[in-house]
Amino acid sequence: MTYVNENDTKKTVNSLFAPYKNLIGKDKTYVSVPIIRMYCVTNEGCSVLVNVYNFFPYFYIHKPDLFEKEDIMSLEMKMNEHLNMNNQFKTCDHKILKIEIVKTENLMYFKKQGKTDFLKITVLLPTFISTLKKLFENGVTINNKSIVNIVYEANLPFILRYLIDNKITGSSWIKCEKGTYYFKPKDKKISNCSFEIDINYKHLSPLPLEDDYQLIPKLRILSFDIECIKLDGKGFPDAKNDPIIQISSVLYYQGDPIDKCTKFIFTLLECATIPGSNVIWFNDEQTMLEAWNKFIIKIDPDLLTGYNIINFDLPYILNRGTALNLKKLKYLGRIKNIFSSIKESNISSKQFGPHDTKEININGRIQFDVYDLIRRDYKLKSYTLNYVSFEFLKEQKEDVHYSIMNELQNESPETRKRIAVYCIKDGLLPLRLIDKLLFVYNYVEMARVTGTPFVYLLTRGQQIKVTSQLYRKCKELNYVIPSTYMKTNTNEKYEGATVLEPIRGYYIEPISTLDFASLYPSIMIAHNLCYSTLIKSDYEISDLKPDDIVVVQGKSVYRFVKNTVRKGILPLIVEELILARKKAKALMQNEKNPIAKMVLNGRQLALKISANSVYGYTGASAGGQLPCLEVAISITTLGRSMIEKTKEKVENYYNKSNGFEHNAVVVYGDTDSVMIKFGTPNITEAMELGKDAAQRISKEFTKPIKLEFE
DNA sequence: CCGATTGCCTAC
DNA sequence: TGAGGTAGGCAATCGG
Ligand SMILES: Nc1ccn([C@H]2C[C@H](O)[C@@H](COP(=O)(O)OP(=O)(O)OP(=O)(O)O)O2)c(=O)n1
C-alpha cells in the first residue's frame, strides 16, 4: 500500500501511522508499506475488513564471530546497494529497517552448541527478501568477515509469517482491542464490507479455540448458476457470441437449516412468478448482468459456490463482460477498485495429476467450488451434478434437456419459468451438498488443526499444512528454518515399505489381521525422529552416553538423540494431528446415520493423511520445501524391521512347540499389517489369539507404537 | 514373440 | 515456496 503523509485529527490514526512517517524519504510525501488485509466475520455475520499495519517481513542469516557495529553498518550498505540495482526498489529510501542480533538455532541437525548468534534482518517489503536471499546465497563478505551462505526463513509467504508470529490460526476467532483501531467512515473505506478498520498488528490477538470460540460464524454462502444459449443452434456456448439468459443465486447462512435459504433468479425477458423465489427480469442481457454484479456486492458473500464455477460459470461471466464491454460486470471482489480477471495455467501434482486450471481473483471471497471439493474428497464413477446429487442427496436435477433451451427461452414467460426452475435447482444443489457433506465444517476444522488459512486448503497441497505447523513450532521453541537447502531437486528415491509375499490359497480357517496404529507418525514419536535430532557427526555427541542415542541400522546408519536430550519438533506436530484424528474417529463411531458416518470417516482420513504427509514432507526430494531423506529413510527402515519382527514373533510364539494346537502362519502383510492363520477353525478363538498377539507384541515396542487387532 | 518401459490405479 | 512418500498389479506400447 502507498502511505501518503498527512496529519489526521484522530489520535488513533496518527499513532497507527506514526512509524511510517519515519520511513518517508527526503523530498517525498509517500512510502510503500506492507499491509495485510484480513477478511473477517463477526459473530452476527457482519463482514469486516481488518487492515493490519506495521508488521514487516524479515529473515535470518548467521552472524560471523566478532561482528561489530561498523560491520553491521557495512552490511546494511551492502544490502541497500544490492536492492538499488532494481529500479523499483530504488525509489524506497529506507529499505532495511532493522538488523538485530538474536540467539537462536538452526533446525537442521542436532548440535551440542545449542543457541548461537544470528542476525535478524527486517525489511520494508516482502519482495525484497528473495532478492536479498540470492545475494547471501552467493556469498557475502563484510570487512573480511564472510557470512555463511545460508539464509533462514526467507521463503515463507508473508501472510503466513504474520499469522504464525501472532499465533493466529486459519478460520479462528480474533480480538481487536477496543479503542486501538480506526473505524473507517464510509467515504474512507476501500472495500464493500459492512465494516472496515485499520489496526496495528500488536492490537490484534487470537482467541483460544474453546467454548463459544469453537463455533463457526454465520458465513454467507452464495451459490449461483448461469444458463446460456447457443444462438446458432448446436455446440458448446462461447462467451464471445452466446448470451447468458439466466443467473440463479441462492443465499445460505452457514449453520442454518438448509431449507432456510433465499432464492433469486435473474432472467432475460419476462419470467412467470415462482413461489418461494424472487424473480427479477430484464429486457436486455447487459442490464441483467450489471444488476447481478450489484447484487453480489450488496449481498457481500464470504463464500461463492456452485458447480464447476471456476472452470465454467465465472470465466463465462467475465468473458461475457469483455464481449459486451461491461466494466461494471467485473467487480466481484470486496475491494472497490479491483476487478476480477482470469489467469489460465497448467499445473501438475502427484495427488491430482496434470491439469489445466483457471485462476480468478475475487478478493475477500472464497471460491468454494463444490465440483472441485467432491473430486478431491470422493471417488465416484461420474462427477456430474446430477450423479453426485443422486449419490449423496437422493435428489436429481430438474429435467430440462439442453437442446430445447433455445425454444423455451424464445417462447413465453411460462416456458422461461421452466428454465428458471431448473436454474434455481442447480444453484440449490451445491448448497445442499455443502450442508450434507459438512464441507465448511470439515475445512474449518482442518484450517484450525493445521493453522493454515482456509483458502490455502483449496488452492495448495499437503506441504503448506506441514510448513505452517513446522514454522509455528519452531517459533515457539526458538529454532530457525533454512530456506537455502542444499541440492534442491535431487529427485532421489529411497526404499519404502515391505509387502509380504502372499501365501496363496483358499483359507477355510479364519484369518486374523493385526495392524499398527498410525505407523509412521508413531515411529516418529517413539524414536524422536526430526530434523533437529538427527546426528550428523560424532563431534556433536561427544558428551552423550550411548543410551542417549537411537541408532537406525539400514543400508546406512542414521542416528538421532533421544527425547531426554532434546525433543524433536516433528513428533510434536504429528502428536497433535493424531489427537485430532482420534477425536474425529470417536465422533464417527458414535454416528448412526450412514451418510454422516461416511463424512466423518472422510474427516478422520484427511487428518490421517495430514499426519502421514509429515513423513512424506521429509521424503519429498523433488519439489519439497524441506526434504530430509535421512529422516524419511529412517522411518521406512524402522517400519520394515517392525513388520518383519511382528511376523517372526507371531510364528515363533504361536506354534506347537510352544504348546499351541497349531502352527500360526503369516499369510500376507503390507507395510504395517500381518494377516495370520492361527490354524484354528473357530472364529472366536482366532479373535482371542489375535487380541492376545496384538497385546503381547505391542509390549515389544516403544510407546506409543501399538499393534491393534482389527 | 519377448522383455522392458510407461501409464493408470490402488494399497499402504 | 507449484507439486506429501513408495510398492506393486496390469494393460498397452515400443524396440529388437
Ligand atoms: N496415504 C498414505 C497411507 C499410508 N502411508 C504410510 C504411513 C502409514 O503410517 C503407513 C500405514 O498405513 P495405514 O493405511 O495402515 O495407516 P496408518 O497406520 O497411518 O493409520 P491406521 O491407524 O488407520 O492404521 O503407511 C502413507 O505414507 N500415506
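Numbers restart at 1 for each chain; the letters A, B, ... are given by sequence-line order, proteins then strands. The structure presented is a predicted model; accordingly, all values stated were derived computationally and were not measured.
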Pick base, sugar-phosphate or nothing for [X], based on heavy-atom distances below 4.0 Å to the nucleic acid.
| X | result |
| --- | --- |
| A/Lys608 | nothing |
| A/Ile635 | nothing |
| A/Tyr520 | nothing |
| A/Gly616 | base |
| A/Ala632 | nothing |
| A/Asn612 | base |
| A/Thr671 | sugar-phosphate |

Crowding at [atom1], [X] (>12 non-hydrogen neighbours, <6.0 Å):
| X | atom1 | result |
| --- | --- | --- |
| A/Lys120 | NZ | yes |
| A/Ile159 | CD1 | no |
| A/Glu644 | CD | no |
| A/Phe158 | CZ | yes |
| A/Lys597 | NZ | yes |

Write down the distance between [atom1] ([X]) and [atom2] ([N]), rounded to a whole number of angstrom.
| X | N | atom1 | atom2 | result |
| --- | --- | --- | --- | --- |
| A/Tyr456 | C/dG2 | OH | P | 11 Å |
| A/Tyr494 | C/dG4 | OH | C1' | 9 Å |
| A/Met524 | C/dG4 | CE | P | 16 Å |
| A/Glu492 | C/dT6 | CD | P | 11 Å |
| A/Leu458 | C/dA3 | CG | C1' | 17 Å |
| A/Ile609 | C/dA3 | CD1 | P | 16 Å |
| A/Tyr531 | C/dG4 | OH | C1' | 11 Å |
| A/Leu626 | C/dA3 | CG | C1' | 16 Å |

> Pick the nucleotide of DNA chain C nearest each of A/Gly619 and A/Pro157; which residue has the one closer to the 5' end?
Replying inline: A/Pro157
> If you find the nucleotide of DNA chain C closest to A/Val614 and the one closest to A/Leu500, which residue's nucleotide is nearer the 5' end?
Replying inline: A/Val614
> Taking the P atom of each, how far is B/dC12 from C/dG4, in whole Å?
Replying inline: 23 Å
> With a 4.0 Å cut-off, would you call A/Arg161 and A/Glu153 a salt bridge?
Replying inline: yes
>> For A/Tyr58 and A/Tyr60, I'd like to know if the aromatic rings sit close, meaning centre-to-centre distance below 6.0 Å.
In response: yes
> Honestly, is A/Lys645 close enough over A/Phe701, meaning NZ or CZ under 6.0 Å from the six-membered ring centre and within 45° of the axis?
Replying inline: yes
>> From the set C/dG4, C/dT6, C/dA7, return the single nucleotide nearest to any side-chain atom of A/Lys493.
In response: C/dT6
> End-to-end bend of the helix from B/dC1-C/dG16 to B/dC12-C/dG5 (five-pair axes, 10° rounding)?
Replying inline: 10°
> How would you give the extent of chain A contacts on DNA chain B, as first and last nucleotide 5' to 3' within a 4.0 Å heavy-atom cut-off?
Replying inline: B/dT10 to B/dC12
> Taking atom types as modelled, is there a side-chain donor on A/Glu445 or A/Asn442 under 3.5 Å from an acceptor on the other?
Replying inline: no
>> So if I apply the side-chain contact (heavy atoms from CB on, under 4.5 Å) rule between A/Ser483 and each of A/Asn155, A/Ile129, A/Leu156, which one comes out positive?
In response: A/Asn155
